Amino acid sequence: MSAKTSVQHKALLLNLYVSQYLGLGFFMESLVAILRKNGVPLEQLGLIYSLGLFMMFRFLWAPLIDKVCFRRWGHYRTWLFIWQSLMVLSLLHVSRFDVITELQPLLIGCAFFAFFAASQDIAVDALAYKIVSAKERGMVNALKIGGGLIGMFIGGGLVLIVYEHFGWFYAMLILCAGTATSLLQLLFFKEPNDIHTIKAHEPSWRDFYRFWSSKSKRRWFLLLLAYPVCISGAYGLMTPILVDAGWRLDHIGLNISIFGSLLGIIGAFGAGWLIERFGRRRILIWTPFAQSIGILFLLLPALGHAHFGFSMLAIGSVMFLYSPSATVLSTLMMDHVEHSPALEYAMQHCVFSFAGIVSAGITMSLAGTFGYVNVIIALSLIAVLTSLFAWYLSGEVVVKGEHEARVEVIG
């Protein structure tokens, strides 16, 4: 494989990342709105958000994808064919049900789709690690974060418009068509037999414990927990602040899912470019510092200055600065892979995702006790401390001299 990743390979990875979030974006955003509009209780709607648990715990079955190898058709290419096809079939299955009167079988179908999408994510992350050089990992992780936002933007926003005008069945067909496009790309993709790794290794579930055994990995674990706290907390505050400021729910959803997602996409690709130009260490250190400034713009609507311009400034600042943290950490996660790309990447990403979800929930609870203004200022200060913590640990957590040696895949 050449040192520079081809445009065709980047296009394939981008489409794979987009496709997994087309359905998830629709089910976790648009479906919630559809059901709530038809009077479904909030207690039942909470079940839909549990679909995200498959993404969080996907590392549990990731060793299987590393271990079972299809040499003739390509290791991860074959897994992607399997999961992508199952995603399409599950969407077709879900299209048969009435969204109101047959909710239980519909939600079961959604759960299968979420499992297949999480499994597809394992395989595509491992494929990205395999075919992309260490120098280009920043940009490929920008494709990951940006692609996910594009999928959420289309599935959570545009497909809802299709539903409003043409109904459930045609909305599902649109999702099927979008998800199936990457299958055509996979037909013409030839997976190389070599892999960026340190040495050949038989994947094992014992790798759960081995990976975190060294001192440097334990420090990396601490940074993965700390890094998303401030910006995830700020993200969680956006909607309640705007609700309390008198914004309509449909306006909040429109501006966050469309305007915010577009800025998030720009932020992700901007971060990928900066990582390639200035290196992992600088972006790792300076991203939380930039977030400490951006988070303070939430003070405008929190203090009652909630007209359109100031509110858009607050939403835009948080969304634009949210994706660079995910991009730089995802890049470093690839650098830290030692033996089993599917497992080790998924395991690290689970820590990052868990910290973000927990911090968003805790931040909302604290805001109820101490008020928005105090919590926003605290988050800004935490972001500065995170920047200093990243500087302190950067010598150990930023992998030096990423290996370009390739060995044959074991499996």
Side-chain angles (χ1 to χ4, degrees), residues 15-62 64-65 79-124 148 150-183 186 249-250 253 257 346 350 353 357:
N15 200 8
L16 288 168
Y17 284 126
V18 169
S19 65
Q20 66 186 239
Y21 281 95
L22 285 174
L24 289 176
F26 183 83
F27 294 140
M28 298 182 71
E29 292 188 14
S30 298
L31 181 58
V32 170
I34 292 167
L35 294 177
R36 187 57 181 164
K37 184 178 179 180
N38 286 276
V40 175
L42 292 174
E43 293 80 4
Q44 293 185 35
L45 294 182
L47 293 173
I48 297 176
Y49 290 110
S50 66
L51 297 177
L53 293 175
F54 288 106
M55 277 290 183
M56 178 164 300
F57 294 106
R58 65 190 185 278
F59 70 92
L60 293 174
W61 61 94
L64 177 69
I65 294 174
W79 276 117
L80 285 167
F81 259 116
I82 293 170
W83 299 125
Q84 204 77 17
S85 300
L86 289 172
M87 287 164 65
V88 173
L89 291 174
S90 62
L91 287 171
L92 287 173
H93 175 68
V94 166
S95 70
R96 300 167 50 243
F97 300 112
D98 183 272
V99 70
I100 303 302
T101 62
E102 298 178 291
L103 184 57
Q104 184 176 359
L106 187 148
L107 290 179
I108 292 173
C110 292
F112 275 102
F113 176 86
F115 173 75
F116 299 146
S119 303
Q120 186 257 26
D121 188 64
I122 297 170
V124 69
I150 292 170
M152 295 291 284
F153 168 74
I154 297 172
L158 299 183
V159 179
L160 181 59
I161 298 173
V162 175
Y163 169 80
E164 287 283 349
H165 288 85
F166 302 102
W168 177 260
F169 178 75
Y170 289 100
M172 291 298 101
L173 287 186
I174 294 294
L175 291 177
C176 284
T179 305
T181 55
S182 53
L183 288 173
L186 285 168
L249 291 179
D250 56 343
S257 65
C350 171
S353 301
I357 291 171

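If you're wondering where the values come from, they're calculated on a predicted model, not measured in any experiment.
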Task: Side chain to side chain, Val99 and Leu31, heavy atoms closer than 4.5 Å - done: yes
- [ ] Going by the ring-ring contact (aromatic ring centres under 6.0 Å, His included) test, name the single residue among Tyr163, Trp168, Phe153 that passes it with Phe26.
- [x] Trp168
Open item on the list: Can you give me the closest heavy-atom contact between Val94 and Cys110, atom names plus distance?
Closed with: CG2-N, 4.0 Å
- [ ] Can you see which heavy atom on Gln20 is nearest to which on Gln120, and at what distance?
- [x] NE2-OE1, 2.5 Å
Task: Pairwise side-chain contact, Trp79 with Phe81, heavy-atom cut-off 4.5 Å (strictly under) - done: no
Open item on the list: So which atom in Met56 and which in Cys350 form the shortest heavy-atom distance, rounded to 0.1 Å?
Closed with: O-SG, 2.9 Å
Task: Beyond-backbone contact of Ser119 with Leu86, side-chain heavy atoms, under 4.5 angstrom - done: no
Open item on the list: Contact between Leu106 and Phe27 at the side-chain level, heavy atoms closer than 4.5 Å - yes or no?
Closed with: no
Task: Distance (rounded to the nearest 0.5 Å) between Thr179 OG1 and Met87 CE - done: 5.0 Å
Open item on the list: Rounded to the nearest 0.5 Å, what separates atom CG in Leu186 from atom CD in Gln84?
Closed with: 6.5 Å
TODO: Please check if atom CZ in Phe112 has more than 12 non-hydrogen atoms from other residues, nucleotides or ligands closer than 6.0 Å.
DONE: no
Open item on the list: Quick check for you: to the nearest 0.5 Å, what is the distance between Ser19 atom OG and Ile154 atom CD1?
Closed with: 10.5 Å
Task: Side chain proximity check, Phe113 to Leu24, heavy atoms < 4.5 angstrom - done: yes
Open item on the list: Below 30° counts as parallel, above 60° as perpendicular, anything between as tilted: where do the rings of Phe115 and Phe54 land?
Closed with: perpendicular
TODO: Kindly compute the distance separating CH2 (Trp83) from CD1 (Ile122), expressed to the nearest 0.5 Å.
DONE: 7.5 Å
TODO: For the pair Phe97 and Leu103, evaluate side-chain contact (heavy atoms from CB on, under 4.5 Å) and give the outcome as yes or no after the intermediate values.
DONE: CA-CA 8 Å; Phe97 300 112; Leu103 184 57; over 6 Å; no
Open item on the list: How long is the straight-line distance from CG of Leu53 back to OG of Ser353, given to the nearest 0.5 Å?
Closed with: 11.0 Å
TODO: Find the distance between CD1 (Ile65) and CG (Leu80) and round it off to the nearest 0.5 Å.
DONE: 8.5 Å
Open item on the list: Using side-chain heavy atoms (C-beta onward) and a distance below 4.5 Å, is Leu175 in contact with Val88?
Closed with: no
Open item on the list: Less than 4.5 Å apart, side chain to side chain, heavy atoms only: is that true for Tyr21 and Met55?
Closed with: yes
TODO: Write down the atom of Ala346, the atom of Arg58, and the distance for their closest heavy-atom approach.
DONE: CB-CG, 4.1 Å
